[in-house]
Amino acid sequence: MKKFLCFLLVPVGLTVNAQTGIPVPTMTQTDNLINSFLTTYGIPAATAAIAKDGKIVYMRAFGNSNIANTIPTQPYNLFRIASLSKPITSIACMKLLQNGRLSMGARVFGTGGILQNHPVFATANITDTRINNITVQQLLEHSAGWNRDINCNPNPTTPYPYFFGGCDPIAFPLRVAMLTGTPNPASEEALVKFMLEKGLDFAPGTAYSYSNMGYLVLGEIIEQITGLSYEQYVKDSVLAPIGVFDMHIGKNLLVDKQEREGEYVGNGYTNLSVYGTGQSVPWEYGGFNIEAMDAHGGWIASARDMLKLLVAVDGFSTKPDILNPSIVTSMVTPSANSQYYAKGWQVNPFNNWWHTGALDGTASIWVRSSGGYSWIFILNKRNITNNNFWTALDNLGWNCLAATTTWPTWDLMLSPTVNASGLNFSNVSGNAVTVNWNNGNGANRLLVVKADSAVNAFPLDGTDYTANAAFGSGTSLGINNYVVYNGTGNSVTVTGLTANKKYYFRVVEYNKSTASGNNALYLLGSNPQEYTITAGSFTFTGNGNWSTPANWSNNLVPPATLPHGSQIMINPSGAGECILNVQQRVSSSAAITVQAGKKFRIMGNLTVQ
């Protein structure tokens, strides 16, 4: 990490990677520097954002986001951020500290410890009593007593047919599951229990040794105190208040990737599947248990959302912080055992804070500089063959600053912070439906519609869209997703629909003003989405479960919320019955009618709204 604003410019050649996002004419050298870096180190995709004085001024994406190399990366794409998750966990702990719910000196294990009654850890066979002295602060500062460089494994590391040196169980979860008697994939609790039973390598508080396991314990502390999952607490108490709704704990497998998530490219190495199948799989897809990395390395995010978070804790007055100044100071004060690491942040004497992240398929860096600049680069591959890679990634942001002499005055952070809600339907007919919703806090909003399946294309920042209430006549976002409304209201009647067909609707809030450079900035994540079927009535004519299409006339199962004015007729065949085996909502002016003498059994949940 650079210690002060001393820049090194490097020559660059022609740009070769696809570039997307709002162009910044005064920062084309930044485009070139990033492209040159990606080309030099063989990185397929990256997202980047730079902030100056609390404003995002640059937000671009490069390369292609999928393994097939066919889909251009967009700034809204989410990628794994690996150990940038540690500052997020630190921020969550600082919120609890600020609210009086957590103390830095609180002991974690043993009698009186925060986790003394944890259902898994309380059953651990702990023989090293020094564990009972571990404090919250020591976990945050990597001084709890575990040293992952000291070996704890046999050779071979059964059930693996090869050897894992050191002692970081994120690499060998099958062994953890075997020794702890827990199912695969090994959970974060199983990983921590393994380390508790192994014991410590030094007395708590006496040394610094980077520890993923310590941050998993912090995640468990957050859950114990709040009664929520670690992920949910962070989303509710840290992210939602600043208008961030599109950060999540990632998934292990490609098939389970999140909406808008990119894909990851490894270096050709494999590991036995964390699911215990015996199959060798890429590290980036099933070789690691990303889902169990939550508090130390599990988050996925966009570059913009990460900078929104950073600006909200940066200690500057340009935008309000979510942490009090004294709490921020505590968070970034170097530990007694390392002058370059605080609580979840790497720091230096020049008041720069940062963190890096690395996994197969991921490299990332997140920086807050003392000069009021912040930036993030998220890559979908890490280079493991060129010794200059990490130094070059560290230099990249500083070089981008040095290459810029004229900075934009816009702020690309000014997307809405509250989503629309209450999406519902009325006046449903064979070819039209009235769609209603409650507005969020955007100045405007789009309504996007797709037939047959959920909306799966999304508006791009800086792009304007033409709406037409006749389905298929407005702007297509791609893959048959059409804009049917663009305005300030909360209702539209959509026409041109096909009878007896399912349509999905999604509301996306946005802002556009002189402060944003007249760029439309869209809020993605947790947008309300519902579907309806263009039929005024639905008739149950079969025998058995409500959810079986064959039991309904024309195979039309009613939507989960029956729209205003619609009706359901229950008329099972013969002596049969209709079994409501799902959750069904019925709008106040809709109706369910049971034919005289017919059987209707409710085993699910029927509500009127």
Side-chain angles (χ1 to χ4, degrees), residues 20-21 45-51 56 58-62 65 73-92 215 219 229-252 256-264 284 288 290-291 293-314 322 344-345 353-359 361-368 374-382 393 397 412-413 415 417 419 458 461 521-527:
T20 62
T47 57
I50 301 173
I56 294 181
Y58 180 92
M59 187 171 63
R60 303 273 276 159
F62 300 82
S65 65
T73 312
Q74 298 292 345
Y76 62 51
N77 282 132
L78 314 179
F79 288 101
R80 294 171 182 166
I81 60 172
S83 283
L84 303 196
S85 301
K86 291 182 175 70
I88 295 172
T89 299
S90 175
I91 293 166
Y215 271 73
S229 72
Y230 162 77
E231 179 183 16
Q232 196 60 54
Y233 173 75
V234 173
K235 286 184 173 183
D236 291 350
S237 297
V238 176
L239 302 177
I242 60 173
V244 170
F245 302 98
D246 213 14
M247 290 175 59
H248 316 277
I249 298 299
K251 299 295 185 181
N252 294 334
D256 295 324
K257 73 174 185 176
Q258 292 274 2
E259 188 175 72
R260 289 180 298 283
E261 185 178 1
E263 297 176 5
Y264 308 99
E284 63 274 17
F288 275 126
I290 301 295
E291 295 165 34
M293 293 184 183
D294 55 11
H296 83 77
W299 286 96
I300 63 173
S302 68
R304 177 167 68 185
D305 282 349
M306 287 294 286
L307 275 199
K308 276 188 176 182
L309 177 57
L310 185 49
V311 166
V313 297
D314 63 6
I322 60 174
W345 295 89
W353 324 336
W354 72 98
H355 215 289
T356 57
L359 284 169
T362 300
S364 56
I365 186 168
W366 197 29
V367 179
R368 175 268 194 200
S374 301
W375 60 88
I376 184 168
F377 300 108
I378 311 174
L379 319 179
N380 77 334
K381 182 180 181 179
R382 66 169 173 169
L393 183 57
L412 304 183
M413 197 182 296
S415 55
T417 58
N419 269 304
F458 311 99
D461 288 328
L521 302 176
Y522 299 93
L523 175 60
L524 297 178
S526 299
N527 309 124

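Nothing fancy with the numbering, it's 1 onward along the sequence.
- Considering CD1 of Ile56 and NZ of Lys308, their distance stands at 7.5 Å, rounded to 0.5 Å.
- Heavy-atom minimum distance, Leu307 versus Met413: O-CE, 4.2 Å.
- Rounding to the nearest 0.5 angstrom, the gap separating the OG1 atom in Thr47 from the CG atom in Leu379 is 8.0 Å.
- No donor-acceptor contact under 3.5 angstrom links the side chains of Ser83 and Tyr215, judged on distance only.
- The backbone N or O of Asp314 sits less than 3.5 Å from a side-chain atom of Arg368, completing a donor-acceptor pair.
- With sequence neighbours excluded, the residues forming a side chain to side chain contact (heavy atoms under 4.5 Å, CB included) with Ser237 are Tyr233, listed by chain and number.
- Lys381 meets the side chain to side chain contact (heavy atoms under 4.5 Å, CB included) test with Ile43, Pro44, Val265, Asn267; sequence neighbours excluded.
- Using a 4.5 Å heavy-atom cutoff, the side chains of Ile88 and Met306 are in contact.
- For Ala61 against Pro75, the heavy-atom pair with the smallest separation is CB-N, 3.5 Å.
- Every residue meeting the ring pair (Phe, Tyr, Trp, His ring centres under 6.0 Å) condition with His355, not counting sequence neighbours, appears here in chain and number order: Tyr341.
- Listed for the Asp461 side chain is no donor-acceptor partner under 3.5 Å among the backbone atoms of Gly21.
- One N or O on the side chain of Arg304 and one on the backbone of Leu412 form a donor-acceptor pair closer than 3.5 Å.
- Taking CZ from Phe377 and CD1 from Ile50, the interatomic distance works out to 5.0 Å, rounded to the nearest 0.5 Å.
- Remark: side-chain polar atoms of Asn77 are not paired, donor with acceptor, to backbone N or O of Glu261 under 3.5 angstrom.
- Every residue two or more places apart in sequence or in another chain that forms a side chain to side chain contact (heavy atoms under 4.5 Å, CB included) with Ala45 is listed here: Thr73, Phe79, Asn380.
- Looking at every heavy atom in both residues, Ser415 comes nearest to Leu523 through CB-N, 4.5 Å.
- A donor-acceptor pair under 3.5 Å is absent between the side-chain atoms of Arg80 and the main chain of Tyr264, judged by distance alone.
- His296 and Asp294 form no side-chain donor-acceptor contact under 3.5 Å, judged by distance and modelled atom types alone.
- With a 4.5 Å cut-off on side-chain heavy atoms, Val244 and Leu309 do not count as touching.
- The shortest side-chain heavy-atom distance between Lys251 and Glu291 falls under the 4.5 Å cut-off.
- The two residues Leu84 and Ser364 come nearest to each other via the heavy atoms CG-OG, 3.3 Å.
- Side-chain atoms of Arg382 do not come within 3.5 Å of backbone N or O of Ala363 as any donor-acceptor pair.
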Test Ile91 against Ile322 for side-chain contact (heavy atoms from CB on, under 4.5 Å), laying out the working first. CA-CA 9 Å; Ile91 293 166; Ile322 60 174; 4.3 Å; yes
CA sep, side-chain torsions, deciding dist, call: Trp299, Met293, side-chain contact (heavy atoms from CB on, under 4.5 Å): CA-CA 8 Å; Trp299 286 96; Met293 293 184 183; over 6 Å; no
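- Using a 4.5 Å heavy-atom threshold, the side chains of Ile290 and Ile300 count as separate.
- Phe62 meets the ring pair (Phe, Tyr, Trp, His ring centres under 6.0 Å) test with no other residue; sequence neighbours excluded.
- Taking 4.5 Å as the limit, every side-chain heavy atom of Gln74 sits out of range of all side-chain heavy atoms of Phe458.
- Taking CE of Met59 as the reference point, atom OG1 of Thr20 lies at 10.0 Å (rounded to 0.5 Å).
- Nearest heavy atom pair, residue His248 against residue Phe245, reads CE1-O, 3.9 Å.
- Using a 4.5 Å heavy-atom threshold, the side chains of Ile81 and Trp366 count as separate.
- Of the inter-residue distances, the one linking Leu78 atom CG with Ile378 atom CD1 reads 8.5 Å to the nearest 0.5 angstrom.
- Residues Asp246 and Tyr76 fail the side-chain proximity criterion, which asks for heavy atoms closer than 4.5 Å.
- Contact detail for Tyr230 and Ser85: the closest heavy-atom pair is OH-O, 4.2 Å.
- In this structure Gln232 satisfies the side chain to side chain contact (heavy atoms under 4.5 Å, CB included) test together with Leu228, Ser229, Lys235, Asp236, sequence neighbours excluded.
- In this structure, the separation between CD on Glu231 and CD1 on Ile249 is 5.0 Å, given to the nearest 0.5 Å.
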